[in-house]
Amino acid sequence: MSAASDPFAPLDVDRLAPRTLMVRRALRHPGFLVGTGIVLLVALAALFAPWISPHDPDAQALGRRLIPPVWDAAGRWEHPLGTDHLGRDYLSRLIHGTRVSLIVGLFAAVVSGTIGTVLGLLGGYFGGRVDAVVMYLVTTRLSLPSLMVALALVAAIGGSLTTVVLVLGFLLWDRFAIVVRSAVQQIRSADYVAAAVAAGASPLQVIAREVLPNVASAIIVVATLEMALAILAEAALSFLGLGVRPPTPSWGLMVAEGRQFMFFKPYLIALPGAAIFLLVVAVNLMGDGLRDITAPEGRH
Amino acid sequence: MIRFLLRRLAISVLVALSVSIVAFALLRMSGDLAQELAGERATAEQVEAVRVANGLDRPLPVQYLDWAQRALRGDLGVSLFSGEPAASLIAARLPVTATLALTSMALALALAVPLGVIAATRPNSWIDRVSLMLAVFGQAIPNFWFGLILMLVFGVYLRWTPISGSDTLAHFVLPSVTLGLSAMPAIMRMTRSGMIDALDADYVRTARAKGLLMPAVLVRHALRNAVLPVVSITAVQLGALLGGSVVVESVFALNGIGQLAYQSIQRLDFPVVQAIVLMVSFIYIVLTFLSDIANARLDPRIRLA
């Protein structure tokens, strides 16, 4: 009996290849589409920042300080989103700010993802004492106030993009470890793992060929959520003056610089803050969507 | 129960030990302590004298043990900036941060638990969607920015609240809302998913089949079981609030632990930073230990496992 002859057949979906099924689910997931769309736009802005920015983001013009955005009566089209206290074009700084946020988010997630995934794979696969050590490391990490330690480390080492990425990478791996560990525990007793072991594969081979591919989707979901956390953390560090150094256009730094003028020029803090918020919402929507799409039983 | 308690206690002590090693390492990573103590203009001989006088020439493990012993007796070292003991600096600022953490947590719970329960009883209803949106909002909004916006709207434009300082309880309203919103999403999601699981369970179906009224079923049967993970996440979040208050205290000029940590970090006054990290971690460890005990008391399956 073909599925087409029975309009009520729910089996239709099951006959599709997993990849086709995922694409279908993705296209029907509004949150995922919106989130991914915004992230792609931000990524394009970061990639082409020098070409689409109307001005040099670091060029100061003391005669053009604190010009409001165009929707204000005093605004000028020359600076669509106004200028800051040093006369730098705000739109150009916002566009260049995408680079800091995305670089920190992406690389911090790669560093923390590597650490957390290795620990989670070891703990979940070997269990027993290895697992006890992994959980002990996770508990220790969770007991440390991450933002305080990050601030202290950046202050001790010196603020730069690399420092921020490494510090956040070394502090945000806990969720990777926990999620990967429990995902591995679930497939540890699967037949294909037992078959690989019986066929004489070494633990490293089993983990690399059988286990890792099957927990990959869980890793990607956590990676997006951690990326959002890292973007927020970088903004907070830079806001407190212990992140990337001025004049690098970081959104958190822009809020800090605009703070002293916020009572009469609220756009100075409203715009960069809204940019952080929008990007983090978009990354989170993408992550939540990925979780729904890759879940075996679909949306839940 | 005793065995369970002892095991948890042993783990907590071990974690406290490793946290103290990290805190110790943090201080040593920050530079040459003898140089800092002696001052910038000290000669090489003076620095060496300070090094020997303070025992900084001994092997690191010996120094760690010495430091840990003194920390156990409540001696957390001395500020490089003011010369005051770190412990008394912390004690003076603790009430502000404790007030902030408790009011924020009260706000977060007051919002998260009812919303989570209602959302669970009516999945996909408008209230479920609104609370989900609120969670997305709370998770994504940078709290330093949210604090500044609240300050602008309620402190400057509407003039309802003071904008900075910690003199009266009114000063804590905006900081608590800011910090509470960041703790809310995790608690709400946990309440919602716990309630959905509990409402699905056989004992709830039995209770409903017996004809018990819905509110009674919700509170006596479902919430009682759903509350376990909520207790855990609340303990975790309370610890996170203590550590995360750095940002909010700096935005609202609240003179608490977070502000002390921030100032000490800026001055590279690492003995104080080390003491604060140690104390916040210990409070977190104690909180999670207490929540484990509370969970074990509420659920016999845990304590008898």
Side-chain angles (χ1 to χ4, degrees), chain A residues 31 35 132 135-157 225 228-229 231-242 251-252 255-256 258-259 262-264 266 268-270 272-285 288 300, chain B residues 11-12 14-19 21-23 26-27 29-31 132 136-137 139-146 148-149 151-153 155-157 163 182 236 239-240 242-247 250-251 257-258 261-262 264-268 270 273-274 276-277 279-285 288:
Chain A
M135 282 321 284
Y136 175 62
L137 289 176
V138 171
T139 318
T140 302
R141 156 55 207 100
L142 286 174
S143 307
L144 289 165
S146 52
L147 190 63
M148 258 183 217
V149 175
L151 282 169
L153 283 176
V154 174
I157 306 169
L225 301 176
L229 270 187
I231 292 171
L232 277 177
E234 180 278 322
L237 288 175
S238 297
F239 172 76
L240 291 173
L242 287 161
W251 291 341
V255 175
R259 191 176 167 188
M262 73 176 205
F263 294 119
F264 47 103
L268 283 178
I269 64 158
I276 303 167
F277 176 59
L278 191 68
L279 179 58
V280 175
V281 167
V283 174
N284 275 334
L285 283 176
D288 286 344
H300 199 59
Chain B
I11 294 175
S12 296
L14 273 177
V15 170
L17 200 68
S18 52
V19 163
I21 294 175
V22 173
L26 202 62
L27 174 67
M29 268 181 70
S30 61
L132 202 69
V136 168
F137 191 78
Q139 228 169 14
I141 201 157
N143 54 9
F144 60 89
W145 184 63
F146 186 54
L148 291 175
I149 298 289
M151 194 190 273
L152 262 183
V153 174
V156 180
Y157 298 146
I163 54 171
S182 67
V236 169
L242 283 175
S245 63
V246 180
V247 172
S250 122
V251 167
I257 300 289
Y262 182 44
S264 307
I265 288 169
Q266 283 178 316
R267 293 173 193 145
L268 298 177
F270 277 90
V273 179
Q274 177 191 38
I276 296 173
V277 168
M279 195 213 52
V280 172
S281 306
F282 274 34
I283 293 178
Y284 177 89
I285 293 168
T288 45

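Computed from a predicted structure; not experimentally measured. Computation of the quantities below employed the complete heavy-atom set of this structure, encompassing side-chain atoms and omitting hydrogens, waters and symmetry-equivalent molecules. Within every chain, numbering begins at 1; the chains are lettered A, B, ... in the order of the sequence lines, protein sequences first and strands thereafter.
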**Q** Which residue out of A:G252, A:A152, A:A155 racks up the most heavy-atom pairs below 4.5 Å with chain B?
**A** A:A152

**Q** May I ask you to decide if B:I285's main-chain N or O and B:T288's side chain share a donor-acceptor pair within less than 3.5 Å?
**A**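 Confirmed, B:T288 side chain pairs with B:I285 backbone.
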
**Q** B:Y157 versus chain A, heavy atoms under 4.5 Å apart: side chain, backbone, both or neither?
**A** side chain

**Q** Under a 4.5 Å heavy-atom cut-off, does chain A meet the side chain of B:Q139, its backbone, both or neither?
**A** both

**Q** Hey, which of B:V156, B:V136, B:V273 has the most heavy atom pairs under 4.5 Å with chain A?
**A** B:V156

**Q** Side chain, backbone, both or neither: which part of A:R259 has a heavy atom under 4.5 Å from chain B?
**A**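 Interface part for A:R259: side chain.
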
**Q** Taking every non-hydrogen pair under 4.5 Å, which of B:I276, B:L148, B:I149, B:L242 racks up the most with chain A?
**A**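 Most heavy-atom pairs under 4.5 Å with chain A: B:L148.
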
**Q** Need one label for A:A256: side chain, backbone, both or neither, based on atoms under 4.5 Å from any heavy atom in chain B.
**A**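 Neither; nothing under 4.5 Å.
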
**Q** At a heavy-atom distance under 4.5 Å, which candidate from A:T140, A:L229, A:L242 has the highest pair count against chain B?
**A**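 Of the options given, most contacts go to A:T140.
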
**Q** Would you say B:S281's side chain and A:S143's backbone share a donor-acceptor pair under 3.5 angstrom?
**A** yes

**Q** For chain A, which of B:S18, B:S12, B:G239 has the most heavy-atom pairs under 4.5 Å?
**A**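 Option with the top pair count is B:S18.
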
**Q** Considering only heavy atoms, which portion of A:L147 lies under 4.5 Å from any heavy atom of chain B: side chain, backbone, both, or neither?
**A** side chain

**Q** Please look at B:V19 and chain A and tell me whether the side chain, the backbone, both or neither of the residue comes under 4.5 angstrom of a heavy atom of that chain.
**A** both

